[in-house]
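Working notes, beginning with the structure itself.
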Amino acid sequence: MFNKLVESLEKCPIVKRGEYNYFIHPISDGVPIVEPELLREVAALMLRNLDLDHADKLVVAEAMGIHIGVALSLITDLPLTIVRKRKYELPGELPLHQTTGYSKGELYLNGIEEGDRVVIVDDVFSTGGTMKALLKGLEQKNAEVVDVLVVIKRGECDIGRPYKYLVEIDVDETGVNVIKKNY
Ligand SMILES: O=P(O)(O)OC[C@H]1O[C@H](OP(=O)(O)OP(=O)(O)O)[C@H](O)[C@@H]1O
Ligand code: HPA
């Protein structure tokens with residue numbers, strides 16, 4: 001039981017993005033195929049680990065927060081906002097600057113009101129740049145972040161608050177090594 005995430009990580013391919021060893025996995029990339037059993041396992045583990053009692057909304061980042069956020073929303077009945085890479089210019093839209101280990105870009109936060117109690121989930125934590133951008137935006141909106149969870153942690157970074165993760169990995173050019181499992 002609950003072996004699909006680790007087993008799939010241990011056999012996933014690596015490509016170079018500049019100097020960055022980028023692992024390619026269904027949860028973090030949506031390719032080659034997202035098996036329902038894997039998605040169900042990840043959803044069940046997120047549900048077990050998260051503190052959702054006082055949450056009003058889920059927040060995820062485009063693109064690879066979407067499938068895991070949807071899975072969690074369907075189980076919990078919590079509404080979901082997707083922080084998009086596209087600008088909509090809706091009233092109150094907040095632009096955020098995102099930096100990852102291999103890219104830089106803008107994200108746009110919509111759908112959050114002052115006082116909302118939100119839970120953030122994402123697929124991967126690497127430099128923490130994306131999570132820091134989300135936290136900063138939510139703080140600017142005066143939302144309360146009640147919990148943060150990433151499925152796969154591959155780096156160390158102080159994001160100024162505690163967060164949860166399901167597995168911790170090391171990545172080199174030969175592959176992924178799962179070094180910790182929190183379940
Ligand atoms: O900790 P960090 O260094 O910020 O890396 C983690 C982020 O990188 C990926 O997103 P990316 O912006 O590549 O977009 P994608 O979800 O569209 O693949 C991933 O989905 C995380 O959001
Ligand atoms: O190595 C990675 N693979 C997939 N998604 C990611 N997001 C940050 N780093 C990675």
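Heads up: numbering here begins at 1 and tracks the sequence. These values consider heavy atoms only, across backbone and side chains, with no hydrogens, waters or symmetry-generated copies. Order of listing sets the numbers, starting from 1, for every ligand and every atom in it. Because the structure is a prediction, the values reported are computed rather than measured.
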The complete set of ring-ring contact (aromatic ring centres under 6.0 Å, His included) pairs with one or both residues in residues 41-71, sequence neighbours excluded, reads none
Sorted by chain and residue number, the side-chain contact (heavy atoms from CB on, under 4.5 Å) partners of T76 (sequence neighbours excluded) come out as L47, L52, L58, L72, L78
Closest non-hydrogen atoms of P79 and D56, given as atom of the first, atom of the second and distance, are CD-O, 3.3 Å
Taking a 3.5 Å cut-off between nitrogen or oxygen atoms, can you list every pair linking ligand 2 to the protein, with distances?
residue, atom, partner, partner atom, Å
ligand 2, 1 (O), F23, N, 3.1
ligand 2, 1 (O), R154, NH1, 2.7
ligand 2, 3 (N), F23, O, 2.7
ligand 2, 5 (N), Y22, OH, 3.4
ligand 2, 7 (N), Y102, OH, 3.3
ligand 2, 9 (N), Y20, OH, 2.6

Are K4 and E37 ion-paired here, with the side-chain N under 4.0 Å from a carboxylate O? no
Membership question, hydrophobic clusters at under 4.5 Å side-chain separation (ILVMFWY): are V148 and I82 in the same one? no
Exercise for the section: Run the salt-bridge test on D170 and R154 with the 4.0 Å N-O cut-off and return the result as yes or no. Expected result: no
field: side chain to side chain donor-acceptor pair (under 3.5 Å) between Y22 and D29, worked out
entry: CA-CA 10 Å; Y22 185 96; D29 296 273; 2.3 Å; yes
- N-O pairing of E168 and K153 below 4.0 Å: yes
Please evaluate residues S126 and Y102 with respect to the criterion side chain to side chain donor-acceptor pair (under 3.5 Å), reporting the C-alpha separation (whole Å), side-chain torsions for both, the decisive distance (0.1 Å), and the verdict. CA-CA 10 Å; S126 180; Y102 49 84; over 6 Å; no
Within the heavy-atom cut-off of under 4.0 Å, ligand 1 is lined by E62, A63, M64, K85, Q98, T99, T100, G101, Y102, D122, D123, V124, F125, S126, T127, G128, G129, T130
